[in-house]
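In this text, all values refer to a predicted model and were calculated from it rather than measured experimentally.
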Amino acid sequence: HTPPILTRHVATALLSLDPKSTPSGFEVSFATDYARVNDLLKTLRIGPYAYLREWTLRGFLKVSWPFLMLAAALAFAWILHWLRLETLVRQRTAELEKAWDRERIAEVQARKAADKLDRMHCVSVVGELSSIFAHELGQPLSVMRYLTRSLGVLMKKPDPDRKLVEECVGGLQKQITHAAEILERVRKYAKQGAKRGQNIDLTAVVRDALSELEESRRLTHAAVLDAPDPIMIQGDPVELRILVRNLLKNADEALCAMPDDERESLLLRLSRLGIAPIRITVKRIAAQERAELSVENSGSVLSSEALSRLTESGRSEKENGLGLGLLICRSIVERHLAKLSFEAIAAEAGGGLKVCVSFAVVDMTHQIHHHSENQKNDAVAP
């Protein structure tokens, strides 16, 4: 703030100084580079850069624009990633919905097929049951018919024999009770289903089923049974009889399906050898604690392809067969926790097929001992 004239004289005096006349040998000159000074002022935020001490939007943007651009780029990249994820999620959801629809349609179709198969199974089982119990009812009905006819003859006499009348009436009551028991067994089976926890003599079941088929002339070919000893297993007698009947009928139908000339030649050869066309064997395999029921029929030699087709569920080798007989056998075997197997008989042994069913044997000795122990405990119980 000095006057201009004084400033000029001072400047002239300073510039005219001789370095030798100064204590430290300095000289005075004009400064032309203020870059360092500007940097220092800017760093200290003083002088012309004092405005940096105050916050302004422009100043903030000027200083922070690199970070803001980086944040904007990251935000844009995240938005693109989110949009891509949303698109993928929509596509995947649509694919899952289509897959779920296909699975639901397949499940509905499978349920319909299963229901249809169950209905066919039930129809076949009902047919088997009808045949079995019709045969069982035939005997008491025949006896009742005979006793009724006898009563009619006796009552026509002027002095009927009272003892014979009483015997006829008693026989009628007995046969009526027997028929009622048969019907009750059918009703219980239809209402409650199978009871597979009963102790059953497998040999007796096979013998009854075979005799029933022979008496009703359902078997076209002769069958022999090799079952010397009673073998106890657990199962439902009705279903086991159906199983045996189906195995025997399948064996008989396999022989009937052969060409007439080939079948006659086979039967003649078997007759000369003393071999029955159908063989049933019931034996106990002590080493495995199993009971084995096998049904063999002579016939054509089966190829490996034909044998493998038999192991497939629901496949029938008959021209018009539905495979229900084999399906029923599989179902009964599985429900009794047994095993079903097929074996082709070699040509040297006559050809044909052998079907085996393996059951677990009931240890009657253990059950008797357990029952005796229970009786002892009941006896000493207070």
Side-chain angles (χ1 to χ4, degrees), residues 70-130 186-198 233-236 238-243 245-247 249-250 253 302-344 353 355-360:
L70 178 61
L74 292 175
F76 183 71
W78 182 83
I79 291 173
L80 290 179
H81 179 67
W82 177 77
L83 292 175
R84 182 174 177 273
L85 284 179
E86 284 293 321
T87 304
L88 292 176
V89 167
R90 292 193 189 96
Q91 293 177 355
R92 185 58 178 166
T93 303
E95 293 175 359
L96 289 175
E97 289 178 351
K98 291 180 181 179
W100 171 251
D101 291 338
R102 291 194 298 268
E103 184 177 354
R104 187 166 47 193
I105 293 173
E107 184 179 354
V108 171
Q109 293 176 349
R111 190 182 300 112
K112 289 181 180 179
D115 293 340
K116 183 178 180 180
L117 191 61
D118 288 341
R119 288 194 298 270
M120 295 173 68
H121 177 75
C122 291
V123 169
S124 182
V125 171
V126 168
E128 293 286 344
L129 288 175
S130 300
V186 177
R187 187 186 70 83
K188 285 184 177 180
Y189 185 86
K191 183 177 180 180
Q192 302 176 1
K195 294 184 177 180
R196 303 182 185 91
Q198 307 176 57
I233 64 172
Q234 282 192 341
D236 182 80
V238 175
E239 291 187 346
L240 290 177
R241 290 178 68 177
I242 292 175
L243 171 65
R245 281 169 55 91
N246 273 287
L247 293 178
K249 286 168 60 180
N250 287 341
E253 291 172 358
L302 291 178
S303 63
S304 57
E305 292 80 7
L307 187 63
S308 63
R309 284 196 297 269
L310 279 175
T311 60
E312 299 177 9
S313 178
R315 296 294 300 273
S316 175
E317 293 298 311
K318 305 171 197 172
E319 182 178 356
N320 299 319
L322 297 177
L324 284 178
L326 182 58
L327 183 62
I328 292 173
C329 292
R330 289 184 184 278
S331 176
I332 294 175
V333 168
E334 291 175 358
R335 291 171 182 172
H336 284 76
L337 303 179
K339 298 179 181 178
L340 179 66
S341 60
F342 301 89
E343 178 183 345
L353 179 68
V355 183
C356 296
V357 184
S358 176
F359 300 90

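- By the side-chain hydrogen bond (donor to acceptor under 3.5 Å, both in side chains) test, Q109 is found to be paired with no residue, residues two or more places apart in sequence or in another chain being considered.
- Under the 4.5 Å side-chain criterion, counting only non-hydrogen atoms from C-beta, R330 is in contact with L340.
- Taken from OG in S331 to CD1 in I242, the straight-line distance is 10.0 Å, to the nearest 0.5 Å.
- Between V357 and I332 the shortest side-chain heavy-atom distance does not fall below 4.5 Å.
- Taking the side chain to side chain contact (heavy atoms under 4.5 Å, CB included) definition, one finds that L88 meets it with R84, Q91, sequence neighbours left out.
- Taking both residues in full, the closest heavy atoms of I233 and A360 are given as CG2-O, 3.6 Å, listed atom of the first, atom of the second, then distance.
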Could you walk me through whether F359 and L240 satisfy the side chain to side chain contact (heavy atoms under 4.5 Å, CB included) test, starting with their C-alpha distance in whole Å, then the side-chain angles of each, then the deciding distance to 0.1 Å, before giving a yes or no? CA-CA 11 Å; F359 300 90; L240 290 177; 3.9 Å; yes

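- The line from CZ of R245 to SG of C329 is 11.5 Å long, rounded to the nearest 0.5 Å.
- Checked against side chain to side chain contact (heavy atoms under 4.5 Å, CB included), V108 has the following partners two or more places apart in sequence or in another chain: R111, K112.
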Stepwise, does the side chain to side chain contact (heavy atoms under 4.5 Å, CB included) test hold for L353 with V355? CA-CA 7 Å; L353 179 68; V355 183; 3.9 Å; yes

Start with the C-alpha distance between H336 and D236, add both sets of side-chain angles, then the distance that settles side chain to side chain contact (heavy atoms under 4.5 Å, CB included), and finish with yes or no. CA-CA 8 Å; H336 284 76; D236 182 80; 4.1 Å; yes

Under 3.5 Å, side-chain donor or acceptor atoms of residues 96-103 against the rest of the protein: list the pairs with distances, not counting sequence neighbours.
{"residue": "D101", "atom": "OD1", "partner": "R104", "partner atom": "NH2", "Å": "2.5"}

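- The two residues A338 and S358 come nearest to each other via the heavy atoms CB-O, 3.0 Å.
- Side chains of E239 and R335 form a contact here, defined as non-hydrogen atoms less than 4.5 Å apart.
- Partners of R90 under the side-chain hydrogen bond (donor to acceptor under 3.5 Å, both in side chains) rule, at least two apart in sequence or in another chain, do not exist in this structure.
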